[in-house]
**Q** 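Dropping a structure here in structure tokens format, bear with me for questions.
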Amino acid sequence: MGAEIRSDLPENHGLSSRHLLHFFDRIEELGLELNSFMLLQDGQATAQFWRKPYRKDCQQLLFSLSKSFTSIAVGIAWDSGYLDLQDKVISFFSDQLPDHPSLHLAQMTVHHLLSMNTGHNDNIYSAVANETDWVKAFLSLEVQHEPGSYYRYSTHATYMLSAIIEKVTGESLVDFLMPRLFEPLGIPKPSWETCPMGITAGGMGLSLSTEGIAKFGQMLLDKGVYEGRRIVSESYIDLATQEQSDNRRGESRIDTSQGYGYQFILCRRGCFRGDGSFGQLCFVAPNERIVIAATASFTSMKQLQTLLDLIYEHIMDPIDPDHRPSLDDNSELQQRLANMTCPVPLPEPTPDDIPNRGSACYIMDENPYHLQELNLFMKEEQLEVQLIYENRDNTMLGFDFTKPVSIQDVFTKDLSLHQQEAVTYAEWQDKNTLKLTLFYIETPYVVTYIIKFSNPSIELQFRINVSLNIEDYTITGKLNSYR
């Protein structure tokens, strides 16, 4: 197993702590919600933080950054002779093909899946995701363009790569990668969501620690080698990180319009990256010998371009390998990194004038979310909130007004509901308004419940900071009984 990444001073790699302080100043000024960050220079961590309550040991959901890991799995399979990049997609799925495959479908290859150039004209996500058999659904779709002639970003093209790997190796994608990628990089067995048929999702759903992302980036930087061990061939890395498709059509962001490789986005100055929704990032700058791994809760992917602009301006541009800057600012930098925290409620005892103590049951008005009851159990500084739904298991959430609490709850990841850790906070905004905050720390999701009491009525507001498919809502109800 690989060791933990060693730390070093940025000054030993031609970068001053003062420039990094300016970088983090700008992150704060622009309100960029970075949850974790690692800067590697020559394979050593020269700046890193996990914004509390996120922790170094926590896995983070990567969303579409998962695609880059699937790409490397294909490279390993190619190196090992399991498949060829010019193999026809239909050759792997003879039992799931339509009765009369179209010419364009018959022309589609592994290369086209990797380069997002399958020939589909439109976004096919819903047409595949809404079916049980994703492979069959993908193969049933009309392919309007000759493969290789029309770039269209497609999560399910990557899924098909995962399905192909499982076909040719007889292993799940995670099991295939454990001895070949994850174990050599010192990454514990990760969780990776699956389709309804149990095939690894490939294009989404992988969770890794930020350090795992950084190790992956270092392997890419070193042309497929990690700590002296060859993971994937240099020839595949070269193919994956050079232009295979023209992604410039309709794209205004400078670092998303430099060409597309094999599940990697090409950037300025010879850099490349994998990224995912809300700002998950693995950024590699070969000329400067840097890797940046980050997880975030960005509300727009335009904020990712802003982050990249700051990386070029405050990290890459100032690097001077022939000059060793002064160490005067390093202690200030380390203090800044140690104090990075999310905006969370300050722990405070329950005020004496709160009338809503004890326990109570509220029957909720009819609502499209099928929430039937909300039960509150208060004892001194502890609070438990029970949500009873018509169509799924009950939820019990624990809080403490004087400190954060770690709980287990069922909440969405990328594809579906999963048991996961949440860190909770509770505060009274006034004597009739209770605010409950939950950080689902494997994801970017931060959920807030605002409960407003005006006995015998209650109003429950649900708010989420970022989401692909969950909406805010407000539900009312009435007191049924005190307990």
Side-chain angles (χ1 to χ4, degrees), residues 64 66-120 124-125 127-181 192-206 232-233 235-236 239-240 244-245 261-263 415:
S64 284
S66 309
K67 293 177 170 67
S68 299
F69 290 81
T70 301
S71 172
I72 295 305
V74 172
I76 295 170
W78 179 54
D79 293 337
S80 301
Y82 285 106
L83 54 79
D84 189 86
L85 302 183
Q86 299 307 318
D87 283 343
K88 297 294 194 291
V89 173
I90 63 172
S91 70
F92 300 102
F93 305 106
S94 58
D95 57 337
Q96 292 165 289
L97 291 175
D99 292 337
H100 303 287
S102 69
L103 176 62
H104 287 163
L105 177 62
Q107 291 173 329
M108 191 188 302
T109 65
V110 172
H111 160 80
H112 295 131
L113 296 175
L114 283 164
S115 58
M116 298 295 187
N117 223 315
T118 59
H120 294 108
I124 64 171
Y125 187 95
V128 178
N130 290 339
E131 301 296 325
T132 299
D133 188 333
W134 287 6
V135 169
K136 187 174 182 179
F138 181 94
L139 296 171
S140 71
L141 296 174
E142 181 181 358
V143 183
Q144 294 88 348
H145 305 276
E146 181 181 353
S149 69
Y150 188 84
Y151 171 85
R152 165 63 76 175
Y153 188 84
S154 171
T155 291
H156 286 100
T158 318
Y159 165 78
M160 293 297 288
L161 294 169
S162 173
I164 288 170
I165 288 173
E166 296 199 8
K167 275 274 188 181
V168 299
T169 68
E171 297 181 281
S172 74
L173 187 56
V174 171
D175 288 342
F176 177 72
L177 285 177
M178 274 309 299
R180 298 170 174 88
L181 175 67
W192 201 328
E193 292 185 284
T194 65
C195 76
M197 303 287 284
I199 299 170
T200 305
M204 54 192 162
L206 173 62
V232 64
S233 64
S235 59
Y236 184 80
L239 288 171
Q244 301 292 345
S245 289
Y262 282 166
Q263 312 285 294
L415 283 166

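Both backbone and side-chain heavy atoms feed into the values below; hydrogens, waters and symmetry mates do not.
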**Q** Please walk me through it: do T70 and W192 pass side chain to side chain contact (heavy atoms under 4.5 Å, CB included)?
**A** CA-CA 11 Å; T70 301; W192 201 328; 3.4 Å; yes
**Q** Taking C-beta and beyond as the side chain, do E146 and Q107 meet within less than 4.5 Å on heavy atoms?
**A** yes
**Q** Establish, yes or no, whether a centroid distance under 6.0 Å links the rings of Y262 and H111.
**A** yes
**Q** Supply the atom-to-atom distance L85 CG to L113 CG, rounded to the nearest 0.5 angstrom.
**A** 10.5 Å
**Q** Less than 3.5 Å apart, any donor N or O on the side chain of S102 or H104 sitting next to an acceptor on the other?
**A** no
**Q** Can you tell me how far CZ of R152 sits from CD1 of I124, rounded to the nearest 0.5 angstrom?
**A** 10.0 Å
**Q** Under a 3.5 Å threshold, yes or no: a donor from one side chain and an acceptor from the other, between K67 and S64?
**A** yes
**Q** Between W78 and L239, does a side chain to side chain contact (heavy atoms under 4.5 Å, CB included) hold up when you go through it step by step?
**A** CA-CA 12 Å; W78 179 54; L239 288 171; 4.0 Å; yes
**Q** Locate the shortest heavy-atom distance separating S71 from A240; write the atom from each residue and the value.
**A** OG-CB, 4.3 Å
**Q** Looking at Y150, Y125, F138, which one forms a ring pair (Phe, Tyr, Trp, His ring centres under 6.0 Å) with H120?
**A** F138
**Q** Which word best sums up how the rings of H156 and W134 line up, parallel for under 30°, tilted for 30 to 60°, or perpendicular for over 60°?
**A** perpendicular
**Q** Stepwise, does the side chain to side chain contact (heavy atoms under 4.5 Å, CB included) test hold for D175 with T169?
**A** CA-CA 10 Å; D175 288 342; T169 68; over 6 Å; no
**Q** Work out which heavy atom in T200 is nearest to a heavy atom in V174; give both atom names and the distance.
**A** OG1-N, 4.4 Å
**Q** Restricting to non-hydrogen atoms, name the atom on M108 and the atom on T118 that form the minimum distance, rounded to 0.1 Å.
**A** CE-O, 3.6 Å
**Q** So which atom in D84 and which in D87 form the shortest heavy-atom distance, rounded to 0.1 Å?
**A** N-OD2, 2.8 Å
**Q** May I have the step-by-step check of side-chain hydrogen bond (donor to acceptor under 3.5 Å, both in side chains) for Y159 and S154, ending in yes or no?
**A** CA-CA 9 Å; Y159 165 78; S154 171; over 6 Å; no
**Q** I want to check something: taking the side chain as every heavy atom from C-beta on, are P147 and T109 in contact at a cut-off of under 4.5 Å?
**A** no
**Q** First locate atom NE2 of H112, then atom CG of N117, and finally report the distance between them rounded to the nearest 0.5 Å.
**A** 6.5 Å
**Q** Should the heavy atoms of other residues, nucleotides or ligands under 6.0 Å from NZ of K167 be counted, would the total exceed 12?
**A** yes
**Q** What do the steps show when you test F92 against V110 for side chain to side chain contact (heavy atoms under 4.5 Å, CB included), and what is the final call?
**A** CA-CA 10 Å; F92 300 102; V110 172; 4.0 Å; yes
**Q** I'd like to check L141 versus V128 (side-chain heavy atoms, cut-off strictly below 4.5 Å). Are they in contact?
**A** yes
**Q** With rounding to the nearest 0.5 Å, note down the distance linking CG in D79 to CD1 in I72.
**A** 9.5 Å
**Q** Once you round to the nearest 0.5 Å, how far does OG1 of T158 lie from CD of Q263?
**A** 3.5 Å
**Q** Could you report the tightest heavy-atom contact between G75 and V232, atom names first, then the distance?
**A** C-CG2, 3.7 Å
**Q** Give the minimum heavy-atom separation between M197 and T132, together with the two atoms involved.
**A** CG-O, 3.2 Å
**Q** Output the distance between atom CD (E193) and atom CG (L415), rounded to the nearest 0.5 Å.
**A** 4.5 Å
